Protein chains: 2
Amino acid sequence: MKNRIIDTAEKRFSQYGFKRVTMDDIASDLGISKKTLYKHFKSKEDIAWAVKERMHRDIDKLLQRAKREIPDPILRFKKIIAEVTSRVSIIGSAFMTDIKKEIPDLWRQCEEFREREIYEYIGGILEEGVKKGKIRKDIDTKIAVMAYLGAIRMIIQPEILMKNQFSIEDAFNNILKIFLEGIQK
Amino acid sequence: MKNRIIDTAEKRFSQYGFKRVTMDDIASDLGISKKTLYKHFKSKEDIAWAVKERMHRDIDKLLQRAKREIPDPILRFKKIIAEVTSRVSIIGSAFMTDIKKEIPDLWRQCEEFREREIYEYIGGILEEGVKKGKIRKDIDTKIAVMAYLGAIRMIIQPEILMKNQFSIEDAFNNILKIFLEGIQK
DNA sequence: AACTAAAAAAACTGATTTAGTTTCCTTAGA
DNA sequence: TCTAAGGAAACTAAATCAGTTTTTTTAGTT
């Protein structure tokens, strides 16, 4: 149940931010009562922390495994991007601007994680690719990574997905295609 | 003064959404009092409408002019993208999810505008490019446009710009480069 | 220096929102 | 029939904030 609560909160927080999601929203999404919700988490802030912790743990695991198992930077990028991007919808979302004011400690940890695990790690892959001559020299890898994440973020909005005929897989594939063509030498 | 108020509101609304920006915020951003603010606009909702109207008017003008003056689709895309993207920060932002609930009429008009003026217009350019053999057939133009706007949106966040060493021009150029390489045949 | 008008600063109001709690009711299993 | 878990809904206390009113400051004018 704890995990189902975190699932729901993660989705809601990504789309609407921290403040605009109420405990009633989360409870009614799950079809449970607030009473039960408060049995599992002692406060709304607690849920936010749990969301952050699970997400960061998952992403960490993924990145470590990819590092071990996939030597080619382009292939590694492809693999990570496909799996990580569906989990980073919170990056640069209303959630971040909310918790900056609401739960500064949590905000700081999220920022550090983004900096270290996302930009540095993925940026590192791209730079490795540049060195190996597989990626163009004339692009800034940090900008590239952010641009890519921004593109994905725009697409995976429920709002956007709903009113368009394409599937999320189509969207991912298209963006990856454009992006890889754009950065490869 | 009215225009300065709209400037400020546009920026704030794009970053934080409609609800989380208070009239006090806007006033203090401008160094004026709420009294003066209410002299120019009778309500917060009024300001939101004014923001929408000016933005849509500006974008409309730009698109019409580009249509008349630039026949080549890739060049036209380049030109529009450069000028329009700094003004569409509201698309897909917290502002949209806010006003969907808060001012449904305004939301509907924004959605229609986005659909018609942004996706159809820019999507149209890309399809023209496909027909003329300048753009790859195997990408979905609608996804491409959204991906591009998402990339720009991510980059132009004040938060992000501030903590990185690159300028907004650098970012625009990099993204455009990646994107054009990615879509061109 | 005295007067005036505009607007800044700040206090106020009334309505709304919402986290967290409590109470009461339903259901299902023992 | 008893019990306990949890749903539904009411409640509380605090916070927020749009919009208004009052007071103070400022700057220009006579």
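The structure displayed is predicted, hence computed values, not measured ones. Residue numbers begin at 1 in each chain, while the letters A, B, ... track the order of the sequences.
- Under the 6.0 Å distance and 45° angle rule, B/Lys101 does not count as a cation-pi partner of B/Phe18.
- Ring geometry, A/Phe77 versus A/Tyr148: the interplanar angle exceeds 60°, so the pair is classed perpendicular (tilted spans 30 to 60°).
- Put simply, A/Thr36 has a side-chain N or O that comes within less than 4.0 Å of OP1 or OP2 on D/dG7.
- Counting only distance, with no hydrogens or angles, the side chain of B/Asp29 and the backbone of B/Thr8 share no donor-acceptor pair below 3.5 Å.
- A/Asp7 is listed as a side-chain neighbour of A/Arg54, based on a closest heavy-atom distance under 4.5 Å.
- Of the nucleotides present, C/dA1 is the one that pairs with D/dT30 by Watson-Crick or G-U wobble criteria, both distances under 3.5 Å.
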Please produce a list of atom pairs where a protein N or O lies less than 3.5 Å from an N or O of nucleotides 11-14 of chain C.
none

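- Per the geometry, NZ belonging to B/Lys35 stands 13 Å off P belonging to C/dA5, to the nearest Å.
- For B/Asp72 and B/Lys134, the salt-bridge test passes: some basic side-chain N is under 4.0 Å from an acidic carboxylate O.
- A salt bridge links B/Arg114 with B/Glu111: the closest approach of a Lys/Arg side-chain nitrogen to an acidic carboxylate oxygen falls below 4.0 angstrom.
- Distances shown here put every side-chain N or O of A/Ser43 at or beyond 4.0 Å from the OP1 or OP2 atom of C/dA19.
- Residues from residues 2-24 of chain B that place a heavy atom under 4.0 Å from any atom of DNA chain C: there are none.
- Looking at heavy-atom distances under 4.0 Å, A/Lys44 makes contact with sugar-phosphate atoms alone, never a base.
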